[in-house]
2 protein chains.
Amino acid sequence: MDSDVLDRTFAALADPTRRAILARLAQGEATVTELAAPFAISQPAISKHLKVLERAGLVVRGRDAQRRPSRLDVAPIRLAVDWLEEFRSASEERFQRLDAVLADLRAERDGKSDDH
Amino acid sequence: MDSDVLDRTFAALADPTRRAILARLAQGEATVTELAAPFAISQPAISKHLKVLERAGLVVRGRDAQRRPSRLDVAPIRLAVDWLEEFRSASEERFQRLDAVLADLRAERDGKSDDH
DNA sequence: CGGGTTTATTACCTTGCGGTTTTATACCGG
DNA sequence: CCGGTATAAAACCGCAAGGTAATAAACCCG
């Protein structure tokens, strides 16, 4: 299912620490300790967050000796935005149809005949 | 904090049942039983999902006798899209800077022929 | 009033999340 | 080889999510 990707992506985004990590990674690669520095939580907690981001495909990890630098992959973000945009346009389309109906009613009331 | 809104919005979107409910509501108001019909889960489960969507501000509920029709509010969606777009543009901006650096390096190499 | 319909509430279960501390692993440099 | 550094893994905790079944509450209609 493609739905699982959205599940994991939205779930990954639903945490402020993880969003901050992503924002930091938007500036470029970073190691775990670099990522952990701004936060008041422990290093294993950050590693867990990274694993969540990795499972969502938002983060890819490399290897540089002891370090495991993380870098971004925005592909899942694109999928999420696509879903949101399609959803929003679907709901707006509905309002356009509603507007059309209201316009028809107005036209009929004002005596103008057959237009649809 | 404005972050809580994002937390709740992304968390609400991280469930396929809730995304389906939202897609259904994009077509117009619906009652709980109407929303529950397509799913194999019980009515209280749907009511719980609706409460999650309501807490995220994505759904507003009315009253029509026994019925509690749900309708959409896309405002939190807009916030989520805003965050995603800003994030994506931030990461892309970084790649532009990287491109600029690489171009500089190339220019220097081609110009001064002063390699090491 | 009383029965039917719609929805919410309650109590409960299981699973997973976000955090901790502690311990193990892997690697570098002197 | 040894000490320091960076990261992962394990075991545990509290708590909330997502589900169930059963019951209550609110409302219409005959």
Using a cut-off of strictly less than 4.0 Å, decide whether R61(A) has a side-chain nitrogen or oxygen near OP1 or OP2 of dA8(D).
yes

Is the phosphate of dG18(C) approached by R18(A) (side-chain N or O, under 4.0 Å from OP1 or OP2)?
yes

Can a side chain N or O of R68(B) be found less than 4.0 Å away from OP1 or OP2 on dA8(C)?
yes

For K51(B) and dT9(C), what is the distance between atoms NZ and C1' respectively, to the nearest whole Å?
8 Å

What's the CD-P distance between Q66(B) and dA26(D), to the nearest Å?
13 Å

Given atom CZ of R63(B) and atom C1' of dT5(C), what is their separation to the nearest angstrom?
15 Å

Is the count of non-hydrogen atoms from other residues, nucleotides or ligands lying under 6.0 Å from R55(A) atom CZ greater than 12?
no

Pairwise 5' ranking along DNA chain C for V52(A) and P44(A), keeping only the more 5' one
V52(A)

Residues R19(A) and S3(B): side-chain donor-acceptor under 3.5 angstrom
yes

Please work out which of the three classes, parallel, tilted or perpendicular, describes the rings of F10(B) and F10(A), given edges at 30° and 60°.
parallel

Candidate pair S89(A) and E85(A), rule side-chain hydrogen bond (donor to acceptor under 3.5 Å, both in side chains), full reasoning
CA-CA 6 Å; S89(A) 86; E85(A) 292 291 4; over 6 Å; no

Rounded to the nearest Å, what distance is computed from the NZ atom of residue K48(B) to the C1' atom of nucleotide dT7(C)?
15 Å

5'-most contact on DNA chain C (nearest-nucleotide basis), A11(A) vs Q43(B), goes to Q43(B)

Rounded distance in Å - CG (D15(B)) to P (dG19(D)):
6 Å

dist L25(B):CG -> D73(B):CG (nearest 0.5 Å) comes out at 11.5 Å

Taking OP1 and OP2 of dT7(D), is either one under 4.0 Å from a side-chain nitrogen or oxygen of S47(A)?
no

Starting at CD1 of I46(B) and ending at C1' of dA17(D), how long is that distance when rounded to a whole Å?
15 Å

Look at all strands and tell whether A45(A) reaches a base, only sugar-phosphate, or nothing, counting heavy atoms closer than 4.0 Å.
base

Spacing between D64(A) atom CG and dT5(D) atom P, to the nearest angstrom:
17 Å

In whole angstroms, how far is the C1' atom of dG16(C) from the CG atom of D7(A)?
14 Å

Examine dT20(C): is either OP1 or OP2 under 4.0 Å from a nitrogen or oxygen in the side chain of S42(A)? Give yes or no.
yes

Under 4.0 angstrom between H49(B) side-chain N/O and dG19(D) OP1 or OP2
yes

